[in-house]
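Notes follow the structure.
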Amino acid sequence: MMALAICGGATATAGAAPQRELAVCSDPANLPFSNDRGEGFENRIAKLVAGELGATLRYAWSMQRRGFLRRTLGTGACDLVLGAPAGLQGLVTTRPYYRSTYVFVSLRERGLDVRDFDDPRLARLTIGLHAVGAEGANTPPAMALARRDLGRNVRGYAMWGDEREVDTPARLIDAVAQGDVDLAVVWGPFAGYYAKAHPGRLAIAPAEPDPAMPVMPVAYELAMGVRRGDEALRAEVQAVLDRRRTDIEAILADYGVPLLPLLTPARTDAPVAAAGAGATR
Amino acid sequence: MDKRIMSQRRAAHELTQPPRGAAAGIWRCREALLARCATRRIRVAAWGAVALAAAMGLPAAVASDGGAGDEWTTPAGTVQGTRYSLLKQITSANAASLVEEFAAPTNATASHQGQPLVIGSTMYVVAPFPNKLIAFNLDAPGSVRWTYDPKADIYARGVACCDTVNRGAAYGDGKIVYNVLDGTTVAVDATTGKEVWRTKLGEPTKGETMTMAPLIVNGKVIVGNSGAEMGVRGWVQALNLKNGKPVWKAYNTGPDVDVKIGPRFHAFYAKDRGTDLGATSWPGDLWKQGGSTAWGWLTYDPSLNLFYHGTANPGVWNPDMRRGDNKWGASVIARDPDTGEAVWAYQFTPHDGWDFDAISENIVADLKIDGVKRRVLVHVDKNGFGYTLDAATGEVLKAEKVGFAVTWAEKVNMKTGEPVVNPGMRPHQGVITENICPSPLGVKEISPSAFSPATGLQYIPAINTCVNFEPLKALYIAGTPFMGADIDFVASPGGFLGELVAWDAATGQRAWSIQEPLPLYSGVLATAGNLVFYGTLDKWFRAVDATTGQVVFQTQLECGITGSPMSYTGPDGKQRVAVYAGVGYLAGGFAGGPCPAQTDIKRGPSPLAAAVEGLKLNMGQRSSATSGMVHVFKLP
């Protein structure tokens, strides 16, 4: 890692000095976030950040599953994680650069307009969820449905397919469009992006948080992250995120990411460490 | 009477029982050996078996029911899973003089689980990813005959759940067969090192990997998948040993037709009987992401012609989503190796909510239970109980707490076969639950135990931790944020994190134990020399007296040990004991990090790792090793 003076904005120095490299940790096959062809919104934002830092962009690829941080940031294969929820342990984050939410997805023509987990109609509907979990925990919609004994209504959709399959997360959104399930409850960015394949046909509505589980939010703030101790890079990246906030929001809008107002106020001086909803350490 | 003579006679007695269903030709061969086994030194008898078998055109590698002989041809030394060697040149009396004959690098880092095979004068080592197979020449110790590179898909590296481990190969019909992390099973000619066949079974991009050691029986290679927590659905498959072509496939969740439960199936307990339980014990179709993978050790009883495999936890959905027993997760299933048909099953932990994968080995043994000789399975479960089951029916004959601390359940109801769960010991998201023992590491993890027919004891590498489920923390998988319990591993009462437990599975009681400062992650070897070998994370390789537990030999290696010791006879006729050293990532951060060290990057230690650092163990110098190693010991 290079020691750098923290300036208002780094510019590329031409000539003798070796080209700076920005090594980012990323999933090679997870649109709309990223893929190894640079087609995700995290890829575009990474390019923007690298450009501002006067660095060439280099990727260290790893599937974003259990152990991702250990295999990437932890081994030094890369220095910057492009998306991490505020409060994630094991790294230090910038202030969040976007906030999104789990959403209900349904066919417009059905007029379902379900918004919360206490809606009595849920008991008679098939509900598609991405099959995501770790350490006995699942997504907030899964937890909310489980508490209401609606597990039997759930149809699980894989996040990952075999090598030949692209965009496996799309299958859940396609399933709504095809009528295979009545509803899907899915993390916002997936819905906003994959609904584009079904223009005008899908209704997307933010989910209400489950009042029975206030510690399990449906909306999350996402930030970028660096290794603990890498304050120099964190501050540099933070400066870019602040300065280019409008452009970043435009990229997110381009991908249809459902956006909510950020909770964390912009432009404070204190670095955001491991604090966030639900954590007590 | 001299104990050693008694044990020899017992071994011979086991050999005299005709295996039901065994091919007539093989039985005649075995009969011819019996007189020699009873009266000659085991080594001579074993070589005699090889010569006789060769003369009859049978595979030369014959392991007797009593234990492994001069060679080690299957992961556990015997298909029954005993990890018991008949070799007895090295004994309690002379083990103190053991010296290292050689140590050879594997040129791989990460946890070196598994064990070498030895056939003739060649030792076969499957290294961690990229899963090269190294054939060491035992005529010139340390030198390599050839290395086979399966050209594993690099993509798989990013998708392995826990570590890039491999648990070893099996030998049959002149081939070394093993699983590559990218979901391919390969067969390599044991003489030339050329690939004979490869078959792709697993899909690592789906989260499905293959880390387990295959079992070869009846000309078939039996394998199972890993990845329960990724939403994968568990299965076991058989491949034709000659050409790798799939023969049958059975799932571990879903309707009976998928699980291969049919007219031959009979579960001993009412709780495990019914139609399509692998689907109906789940809400809706959640069994499709029902985990229950078979990533552990496979064992086989030739007389019953049944193989036994455990299944992992019931997959990606949390317990509140999947009300019901969630069959067939956390179970043992007995199957016909020729067809995959399930003959019986027993679910150890219905509706698992503690991560109690039931993938520990089910060792086939003969024990006298309450005065009656029984053919049993001996199984120590992650859930803290040691089970002794009837191998033919799955009846639970004994189920007692092996773990030093087991709090999630009071006992197993012997009439119904169900665990009696203690109130407040089921974790729920957002609810603080403390002092659940054992932790998700289990009282025993994948590291295999050994069973000695001579002492009648099972030797268990045990882990002594509990868990607190604390307020939620942010998690992030595949771009999806959610909240999960902050899981805090803590040492259970007693203060020691590991134990080598000598367990009498006939009575459900401890015979003795050796407390260890760190959890035991190595396998165990028992020998007819009345020895038990095991290794520790703080780099000790130990031999103890199998009867008393007294340490008779120990040496500190360059890295901690997560492999299983095995024994063989070298070309000079002398007994060796071999074990891997090399530790990768382990949950809890034990042992101060990977060794060989992969990185100096600082991470905040888990609370347990911090506690471990305070133990002031003699970990030796920080190792400069750059590769895992195989270490071989012998008498001078």
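Residue A:Asp149 touches chain B through both its backbone and its side chain, counting heavy-atom pairs closer than 4.5 Å. Contact of A:Leu69 with chain B is not made at all, since no heavy-atom distance falls under 4.5 Å. Contacts of A:Phe190 with chain B are made by side-chain atoms alone, with heavy-atom separations under 4.5 Å and no backbone atom involved. Heavy-atom distances place the side chain of A:Trp187, and not its backbone, under 4.5 Å from chain B. With a threshold of 4.5 angstrom between heavy atoms, B:Arg323 approaches chain A through side-chain atoms but not through N, CA, C or O. The contact between A:Asn30 and chain B is made entirely by side chain atoms (from C-beta outward), counting heavy-atom distances below 4.5 Å. Within the 4.5 angstrom heavy-atom criterion, no atom of A:Glu165 approaches chain B. B:Ile477 touches chain A through backbone and side chain together, each having a heavy atom under 4.5 Å away. Using a 4.5 Å cut-off between heavy atoms, B:Ala485 touches chain A through its backbone atoms (N, CA, C, O) alone. Contact of B:Trp354 with chain A is not made at all, since no heavy-atom distance falls under 4.5 Å.
The choice from A:Ala158, A:Pro140, A:Ala142 that makes the most heavy-atom pairs within less than 4.5 Å of chain B is A:Ala142. When each of B:Gly353, B:Gly284, B:Gly479 is scored by its heavy-atom pairs under 4.5 Å with chain A, the top score falls to B:Gly479. Contact tally against chain A (heavy-atom pairs below 4.5 Å) for B:Val232, B:Val316, B:Asp320, B:Leu475: the top residue is B:Val316.
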All N/O donor-acceptor pairs, side-chain side in residues 122-132 of chain A, below 3.5 Å, sequence neighbours left out:
from     : atom 1 : to       : atom 2 : distance (Å)
A:Thr126 : OG1    : A:Asp182 : N      : 3.0
A:Thr126 : OG1    : A:Asp182 : OD2    : 3.3
A:His130 : NE2    : A:Pro169 : O      : 3.0

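A donor-acceptor contact shorter than 3.5 Å links the side chain of A:Arg227 to the backbone of A:Leu73.
Note that OG1 of B:Thr184 and CZ of B:Arg198 are 5.5 Å apart. Values are rounded to the nearest 0.5 Å. Between B:Gln113 atom CD and B:Glu445 atom CD the span is 8.0 Å, to the nearest 0.5 Å. Once rounded to the nearest 0.5 Å, the distance linking CG of B:Asn326 with CG of B:Leu277 reads 11.5 Å.
Salt-bridge formation is detected for the pair B:Asp258/B:Arg233: a Lys NZ or Arg NE/NH1/NH2 atom is positioned less than 4.0 Å from an Asp or Glu carboxylate oxygen. Note on A:Asp180 versus A:Arg155: no salt bridge recorded, every NZ/NE/NH1/NH2 to OD/OE distance being 4.0 Å or above.
With sequence neighbours left out, the ring pair (Phe, Tyr, Trp, His ring centres under 6.0 Å) criterion links A:Tyr157 to no other residue.
Judged purely by distance below 3.5 Å, without hydrogens or angles, the side chains of B:Asn252 and B:Thr311 never pair a donor atom with an acceptor atom.
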